[in-house]
Amino acid sequence: MDVAKALLLLKEKGYKYTDKREQMLQLFSNEKRYIAAKDVLEAMQKDYPGLSFDTIYRNLSTFVELGILEMTELDGEKKFRFSCSTDQHHHHMICLTCGKTRHVHVCPMDQLKVSSEDFKIVDHKFEVYGYCKNCS
Ligand SMILES: [Zn+2]
Ligand SMILES: [Zn+2]
Ligand SMILES: [Zn+2]
């Protein structure tokens, strides 16, 4: 995902363009790691002092719904990052300090024999948590 693609997607889905939305997307484009809603608010308040947490949160939810952002919960807090551009199935190793991610190209579902006739699996989640080289 990148800013241009995200803006196009928003337009296609009938969301009107705003400077704030573009700036939020730019922030995620620059950060390339999981960040919390309060970090987004803090960064945005430099240019938009009156901005509320609700507005930030509503936009983040929309972005997740549209597949622009990925969300996960670290330490009981929801964190967001730009969705990966690759279509190739993969998982993430996530640094608990800086929120940076690395790709894992093995999938535990390949090993688990969980398929069953009376349950149709459509998706799964698998994340590895730890500390990157810079943070450990
Ligand atoms: Zn990825
Ligand atoms: Zn780190
Ligand atoms: Zn998988």
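Computed from a prediction, not measured in an experiment: that's the story for all the values here. Each ligand, and each atom within it, is numbered from 1 in the order the structure gives.
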Between Tyr131 and Ile35, is there a shared hydrophobic cluster once you connect ILVMFWY residues whose side-chain heavy atoms come closer than 4.5 Å? no
Verify, without hydrogens or angle tests, whether Arg102 (side chain) and Cys132 (backbone) share a donor-acceptor contact under 3.5 angstrom. no
Let me know which of His124, His103, His105 forms a ring pair (Phe, Tyr, Trp, His ring centres under 6.0 Å) with His91. His124
Only one of Asn30, Asp2, Leu7 clears side-chain contact (heavy atoms from CB on, under 4.5 Å) with Leu25; which? Leu7
Please determine if the Zn ion (ligand 3) has an N/O/S atom from Cys107 lying under 2.8 Å away. yes
Rounded to 10 degrees, what angle sits at the Zn ion (ligand 3) between His89 NE2 and His124 NE2? 110°
Do any of the N/O/S atoms of Cys84, backbone or side chain, fall under 2.8 Å from the Zn ion (ligand 1)? yes
Note: SG(Cys98)-the Zn ion (ligand 2)-SG(Cys135) angle, rounded to 10 degrees, equals 110°
May I have the angle between His103 NE2 and His92 NE2 with its vertex at the Zn ion (ligand 1), rounded to 10°? 110°
With carbon and hydrogen excluded and only N/O/S kept, which atom of His91 is nearest the Zn ion (ligand 3)? NE2
Evaluation steps, side chain to side chain donor-acceptor pair (under 3.5 Å), between Thr101 and Arg81: CA-CA 10 Å; Thr101 56; Arg81 73 190 274 281; 3.1 Å; yes
